[in-house]
Amino acid sequence: MKIGVLGTGNMADALATHWVRAGHEVFVGGRDERKARRLATRIGGSAGHGGPDEAARFGEVVLAALPYGAGTDVVGALRGPLSGKVLLDCANPVGPGFRLLTEGGPSAARRLAAAAPGARIVKAFNLCHADVWRMTPPAFDGQPLAVPVCGDDEAALARVHQLVRDVGCEPVPGGGLDRAGLLEATAALFIGLWVAEQVDVRAIAPPLAYATGPSEGSG
């Protein structure tokens, strides 16, 4: 698979490194050509580098590894080359006090969709710190990390599900793009609990067998 990467930060580094190791072709696009070159060199695998427009034209899938707020401007300027492409959004619109910056308006993923209406938007990889995605693989107690994925295009979802597996994780259908805002809100809640309260969020939900309450005879 050909993957374009918009951005040169930690998420671009963590995810693209896995994908190069899995045999995909990667092209890093950044406004700062030196940072793009350094990242391409670091992830290896003959990864290319250049400007954002080159990355958008290169990829069948394009990862928008961009801060919330900057993403719509970058993607909007690339709406032409992004038309028909799978645009993978991993942004978290979380601000000071772990506040959801999109509250009362469209999700970050929906804003990207509006900025590049010809692209096929998929939301994934937004619930964990970049260093979790750097793990090889991200697995805990012998179980691969589950990654919720939201989108409306079945072919685009299939591609992203494969990329999730190539990171060493298990894709979980999260519904259509209208549910991407729920993923973003979950990230805001989880980050606040992890960072401010030092809470292990795995402890706040019962096992699947108890999700609808204890079955008869269980207690």
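With hydrogens and angles disregarded, no donor-acceptor distance shorter than 3.5 Å links the side chain of R165 to the backbone of P171. Under the 3.5 Å distance criterion, the side-chain polar atoms of K123 are matched with a main-chain donor or acceptor of A91. Here the side chain of E184 pairs a donor or acceptor atom with the backbone of A108 at under 3.5 angstrom. R31 contributes no side-chain N or O that, together with a main-chain N or O of G51, makes up a donor-acceptor pair within less than 3.5 Å. A donor-acceptor pair is defined here as one N or O able to donate and one able to accept, closer than 3.5 Å; such a pair exists between the side chain of N92 and the backbone of N126. The backbone N or O of V195 lies less than 3.5 Å from a partner atom in the side chain of Q198, making a donor-acceptor pair.
The shortest heavy-atom contact between G7 and L39 is O-CD2, 4.1 Å.
Identified under the side chain to side chain donor-acceptor pair (under 3.5 Å) test for residues 39-65, with sequence neighbours left out: D13-R42, E33-H49, E60-R159.
Around CD1 of I204, the count of heavy atoms belonging to other residues, nucleotides or ligands within 6.0 Å exceeds 12.
A continuous path of hydrophobic side-chain contacts links M11 to V149 [ILVMFWY only; heavy atoms under 4.5 Å].
Atom CG in L193 sits 9.5 Å away from atom CZ in F98 (nearest 0.5 Å). Once rounded to the nearest 0.5 Å, the distance linking CZ of R110 with OG1 of T102 reads 12.5 Å. The structure places CG of L163 at 9.0 Å from CG of L15, a figure rounded to the nearest 0.5 Å. Summarising the geometry, atom CG belonging to L112 is positioned 9.5 Å from atom CG belonging to L82; distances are rounded to the nearest 0.5 Å. A distance of 8.5 Å separates CZ in F125 from CG in L63, rounded to the nearest 0.5 Å. Once rounded to the nearest 0.5 Å, the distance linking CG of D153 with CG of L177 reads 11.0 Å.
The side-chain contact (heavy atoms from CB on, under 4.5 Å) test applied to Q143 returns no partner, not counting sequence neighbours. Contacts of F58 classified as ring pair (Phe, Tyr, Trp, His ring centres under 6.0 Å), with partners at least two apart in sequence or in another chain: F27.
The side-chain hydrogen bond (donor to acceptor under 3.5 Å, both in side chains) test with D166 is passed by exactly one of H24, H18, R21: H24.
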